[in-house]
2 protein chains.
Amino acid sequence: MSQHRPGSTSGPAGAVPALPDLPEATVARLPEYLRALHHCAETGYETVSSEGLAAAAGVNSAKLRKDLSHLGSYGTRGVGYDVALLIDQIEYVLGLTQRRAVALVGVGNLGHALAGYDGFASRGFHVVALFDADPATIGERIHGLQVRHIDELPAVAAETAIAIGVIATPAAAAQAVADQLVAAGVTSILNFAPCVLSVPPNVDVRKVDLAIELQILSFHEHRKSTLTALPGGRAAGTSGQEAVGS
Amino acid sequence: MSQHRPGSTSGPAGAVPALPDLPEATVARLPEYLRALHHCAETGYETVSSEGLAAAAGVNSAKLRKDLSHLGSYGTRGVGYDVALLIDQIEYVLGLTQRRAVALVGVGNLGHALAGYDGFASRGFHVVALFDADPATIGERIHGLQVRHIDELPAVAAETAIAIGVIATPAAAAQAVADQLVAAGVTSILNFAPCVLSVPPNVDVRKVDLAIELQILSFHEHRKSTLTALPGGRAAGTSGQEAVGS
DNA sequence: CGCGATTTGTGCACGTCTTCACAAGCGCCT
DNA sequence: AGGCGCTTGTGAAGACGTGCACAAATCGCG
C-alpha cells in the first residue's frame, strides 16, 4: 500500500518492469479478475478479500490467491487486496495501459457486430480499421468507420501500428487474410473463422468458434438425457462454470 | 467398416448406446476433429491417418489418437480412420444426430449477428426463437424470425423444447435472463455477457467473452514487446494455436 | 503492549492432461 | 504364404493445474 510503483514483481530493486512468467491458465483468468475488480470499484469497495473476489469471478479462492501471488504480493494479510492497486497491477501485466489498435477483417454478419461491440472499447481496445474483400461492402460506413479493401491493409498498417488483427471472414478466406495480416506485421490474431491457421512461430493466434461451444453443450445435454438416472450426477457447480480459455 | 452400429463403445454387446466417460479436454476437441473430418470428406478422402487429421485439426497426432481411442476402436491399423464412419461416431457422441433447438435472448449488436450466423445451422443447431426486453425491438423480424418479449419465454418453451439458451444481453440483465431460462427448463446456457452466472448444479454454462480473448492476446503482445531480446523465445508453434476451449 | 481474529501466501499432495515410445495389428507386394 | 512397411492403440513418464491446509503477517482492541 505504501509503494505504488507497478512492475516491481521479480526484479531485485524493481527497476525493470520485468513480466513474471505467468502460467497460461492464470493469464486466461486475469481478465475475469479485472472485470470483477472493476465491479467492486464501482460498488464502492476499497479492499476485497480473496474470498469475495473469487466469488465475483466465479473461481476458487485458493486458486485466485495463487494466481495473484504470481504477480507479486499486492495483498495485505488480515485485510485483503487494495482494489485500485490490483486493477492497476493487472492492467499493467496484461498490457492494457497502452491503448491497442485492432483491425477487423470481414464485415459480414459477425464482423458487423464486432465492429460495434462496446466491450472492446471499454477494455482499452480501439477498432481502427475495417477491411473486406467484397466490393459491395467497400465504402460502407459502420459505427463511424469506413470499410476499406483488404489490399489497403499494408498502407493502413504503415501509418497506424496494428496490435491485433481480428478475422471474421468465411473459413475459405481466413488463411489468406492471416497471411496478409502477418505480412503487414501483425503478431496477434483473433480468429473467428472455423478453421486452423498456419502462422509463423512468433505470431499468436487465438480461436473463437461459436459453433464449437454449442457442440460442447450438446454433448453434455446428450449425456444428461441418456443418463436420466442418478440425479446427483456430476455437473457444473453452482457458480462453477467452465471458462472458455481453460 | 463391417459393423456400422453407432454407440458400441463400452457395453458388452453394444446393446446400450452408453456414452463413455470422456475427459473434458477431449470433448472440447471433438468438434474440431469433426470439422476437419467434414473437410476431408468434401475433399474426397475416404480414410485419413491420425497424422493427417491431426494436422488438419491443429493438434498433436498422439493426442488425437488418444482422444479417438476413448470413443472406441474406429481406426484400422496400417490404413487410418474411415472418414464417414468417424463422422457418424463423433456426431453421435456429441448428440448432433438430433437437431437441437436454440433460443437466443438479446438481439442487440451481437445477438443480431448470432441470429443469422450460418455456422449454427450448418452444425445442426436451429435458432427457433428470439427474445428481448426492449419494447423497441419486439416484433422486429430478423433472418425470418420475429423478436418476442422475454416474458413469452415460458409459452414458447412449453410448445418447443429448448435445448440451449444463448444469452447476448448486457451484463446487467444476464442473471435475470439466466434465471428465466432455467425456470423454463433450459439446462444448457451459452453466455456472451461479461459476468458470472449463478445456476443450479444441473445446468451447464459456457461463457464466451470476446474482450477476454483480446486481453489474453494483449498480454502476449506486451510480453513480446518487453522481451525484445532472445528471438527464440517461447511462442505458439507453427500450426500450434491455443484453442479456446483448452 | 500483547492477544486474538482475520486473511494472505505457499508447500504439498492429488488429479488431469500431454507426450513419447513401442507393441500389436493390418494390408500389400513378392 | 511370408515378410515388410505403415498405422493404430496404449502404457508410462513427465508437465501442468488444482485444492487443501497451515504458517506468517497484519489490524484492531482491550
>> A:Arg65: which residues meet the salt bridge (Lys or Arg N to Asp or Glu O under 4.0 Å) condition with it, sequence neighbours left out?
In response: none
>> OP1 or OP2 of D:dT7 versus the side-chain N and O atoms of B:Ser50: is any pair under 4.0 Å?
In response: no
>> OP1 or OP2 of D:dG9 versus the side-chain N and O atoms of B:Tyr81: is any pair under 4.0 Å?
In response: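 Answer is yes, contact under 4.0 Å.
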Interatomic distance, [X] [atom1] vs [N] [atom2] [rounded to whole Å]:
X	N	atom1	atom2	result
B:Leu22	C:dC17	CG	P	11 Å
B:Lys63	C:dA21	NZ	C1'	17 Å
A:Leu53	C:dT7	CG	P	14 Å
B:Leu68	D:dG9	CG	P	8 Å
A:Tyr74	C:dT10	OH	P	13 Å
A:Asp82	C:dT7	CG	P	16 Å
B:His70	D:dG11	NE2	P	10 Å
A:Tyr33	C:dT8	OH	P	13 Å

If the condition is ring pair (Phe, Tyr, Trp, His ring centres under 6.0 Å), which residues does [X] pass it with, not counting sequence neighbours?
X	result
A:His39	none
B:Tyr33	none
A:Tyr45	none

>> Using a heavy-atom cut-off of 4.0 Å across all strands, would you classify A:Ser73 as base, sugar-phosphate, or nothing?
In response: sugar-phosphate
> In Å and rounded to the nearest 0.5 Å, what is the CG to CG distance from A:Leu110 to B:Leu110?
Replying inline: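 Between A:Leu110 CG and B:Leu110 CG, I get 7.5 Å after rounding to 0.5 Å.
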>> Walk along nucleotides 20-29 of chain D from 5' to 3' and tag each nucleotide B, S or - by protein heavy-atom contact under 4.0 Å, base first, then sugar-phosphate.
In response: BB--BBBS--
> Any side-chain heavy-atom pair from A:Val196 and B:Arg35 closer than 4.5 angstrom?
Replying inline: yes
> Taking C-beta and beyond as the side chain, do A:Leu37 and A:Leu53 meet within less than 4.5 Å on heavy atoms?
Replying inline: yes
> Can B:Glu221 and B:Lys224 be counted as an ion pair, charged N to O under 4.0 angstrom?
Replying inline: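 Result for this pair is yes, salt bridge flagged.
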>> Hydrogens and angles aside, do B:Asp82 and B:Thr47 bring a side-chain donor and acceptor to less than 3.5 Å of each other?
In response: no
Name the pairs: protein N/O against N/O of nucleotides 1-3 of chain D, kept only if under 3.5 Å.
none

